[in-house]
Amino acid sequence: MIVASAPAPALPRAAQAPRGTGAGALHRFAQLTAGCAFLLLFAGGLVTSTGSSLAVPDWPLSFGQYFPRMVGGVLFEHGHRMIAGTVGLLTFALSGWVLAADDRRWMKRVAAAAAFGIVVQAVLGGVTVLYRLPRMVSVSHACLAQTVFSLLLVQAQATSPWFLAARSRGIGPLWARGAWAVGAIFLQLLLGAIYRHGGSTLPHHAAWAAGVMLAVGWAVSGVAGACASEPAMTRITGAAIGLLFLQLALGVAALAAKMSGLPPLEFWRVILPTAHVVVGAALLGTMVLWTLRAWRLR
């Protein structure tokens, strides 16, 4: 007698793969887009660190051209615009792919938010140049860049094989600790952006570093008890701790370089604050991923 096998249970809604056979390709494309966005943050940091924000006085063209002569500050400013244009196109393509192929409503919202963020970011970049660096517009431009980067990371994580296959481990609301840590880091990035664009928030930025340490420490301390045997959580926890201490060291080093009397365009005066910004973005992104993974295992 032939016994029919029972049908495989359907995946929960939160774990359903994107429709069609391109789920793996979608994940790789999301990774590529997030990686390019991270490169864009580095390029943007160089623009500010080298004082090149007004090296090109017009927008969206550069001296009325698509490809001006790439010398001096133009190299940094126009190079930043070229990378930004590439990231914009990649983000629109990724958002369209997610909207067409992914059944999860919350993912569609994330994709739409990332695409909308790119449009607003471009407008803020133009206003920054045309109105000659209004501080709060420049700060908003910097913070929105971090936000869009985080939204792209969410899409890369949520389309990954691990996320789609993961099941609840009953760890409860550990993800909420991660959300608090993300908020603390974002506030720190805001204070840092205000300082880098001429504000007087350095004492607040330095003091709030303690708040970031407490928030991240409180979040990751829960891993030992709740999901110590889950490699996806333990590895990213180690990365978060390493980035936190690297970020603190870079902050001290960048401040020391500024107070040392070195010329503004000296290598260390440029690379240390830029690295501080980039590692801050990496720490924010890592805790966004940490929170999303904890939410998946709740």
Side-chain angles (χ1 to χ4, degrees), residues 34-56 62 68-87 121 125 128-129 133 135 138-139 141-150 152-153 185-206 208-209 212-213 216 239-287:
C36 290
F38 187 72
L39 177 62
L40 177 59
L41 291 172
F42 177 72
L46 284 175
V47 170
T48 303
S49 296
T50 58
S52 303
S53 300
L54 294 178
V56 178
S62 298
R69 190 172 173 220
M70 303 288 277
V71 295
V74 178
L75 172 65
F76 296 105
E77 171 60 13
H78 187 71
H80 169 251
R81 293 186 186 185
M82 293 176 67
I83 298 172
T86 301
V87 171
Q121 185 72 339
T128 296
V129 172
L133 307 181
R135 179 180 299 162
S138 299
V139 170
H141 184 63
C143 292
L144 182 57
Q146 304 273 2
T147 303
V148 172
F149 172 58
S150 298
L152 293 173
L153 283 177
I185 296 168
F186 193 85
L187 176 57
Q188 181 72 327
L189 294 176
L190 171 62
L191 293 171
I194 294 173
Y195 171 67
R196 276 173 60 81
H197 290 282
S200 56
T201 57
L202 180 59
H204 307 85
H205 183 61
W208 186 240
V212 172
M213 290 186 68
V216 173
I241 294 171
L243 287 170
L244 176 63
F245 284 103
L246 177 59
Q247 176 72 342
L248 292 170
L250 285 171
V252 173
L255 183 59
K258 183 173 184 177
M259 297 176 64
S260 67
L262 290 172
L265 293 181
E266 181 72 25
F267 177 78
W268 294 112
R269 284 286 304 273
V270 171
I271 201 64
L272 285 173
T274 303
H276 186 55
V277 170
V278 171
V279 174
L283 178 59
L284 174 68
T286 298
M287 286 310 300

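Count residues from 1 along the sequence.
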Arg196 side chain vs Thr48 backbone, donor-acceptor pair below 3.5 Å: no

CG-CZ distance between Leu75 and Arg69, expressed to the nearest 0.5 angstrom: 12.0 Å

Backbone N/O of Leu46 and side chain of Ser49: donor-acceptor pair under 3.5 Å: no

Ser138 vs Arg135 side-chain heavy atoms within contact, under 4.5 Å: no

Within-4.5 Å side-chain heavy-atom neighbours: Leu41 and Val277: no

Validation row: Ile271, Trp268 side chains within 4.5 angstrom (heavy atoms): yes

Qualifying residue for side chain to side chain contact (heavy atoms under 4.5 Å, CB included) with Ile185, from Thr286, Leu244, Leu284: Leu284

CA sep, side-chain torsions, deciding dist, call: Val278, Phe38, side chain to side chain contact (heavy atoms under 4.5 Å, CB included): CA-CA 8 Å; Val278 171; Phe38 187 72; 3.1 Å; yes

Leu40 vs Phe149, side chain to side chain contact (heavy atoms under 4.5 Å, CB included): CA-CA, chis, key distance, verdict: CA-CA 9 Å; Leu40 177 59; Phe149 172 58; over 6 Å; no

Candidate pair Val87 and Val148, rule side chain to side chain contact (heavy atoms under 4.5 Å, CB included), full reasoning: CA-CA 10 Å; Val87 171; Val148 172; 5.9 Å; no

His141 side chain to Thr128 side chain, donor-acceptor N/O pair below 3.5 angstrom: no

Value rounded to 0.5 Å, distance of OH in Tyr195 from CG in Leu255: 6.0 Å

Aromatic plane relationship, His205 with His276 - under 30° parallel, 30 to 60° tilted, over 60° perpendicular: perpendicular

Distance, nearest 0.5 Å, that separates CG of Leu202 from CD1 of Ile194: 12.0 Å

Spacing of CD belonging to Gln121 relative to OG1 belonging to Thr147, to within rounding of 0.5 Å: 8.5 Å

Test item: Gln247 and Val212 side chains (from C-beta on) under 4.5 Å apart, heavy atoms: no

Qualifying residues under side-chain hydrogen bond (donor to acceptor under 3.5 Å, both in side chains), relative to Thr50, sequence neighbours excluded: Ser52

Stepwise side chain to side chain contact (heavy atoms under 4.5 Å, CB included) test for Val56 and Arg81: CA-CA 10 Å; Val56 178; Arg81 293 186 186 185; 3.7 Å; yes

Spacing of Thr201 atom OG1 and Leu190 atom CG [to the nearest 0.5 Å]: 8.0 Å

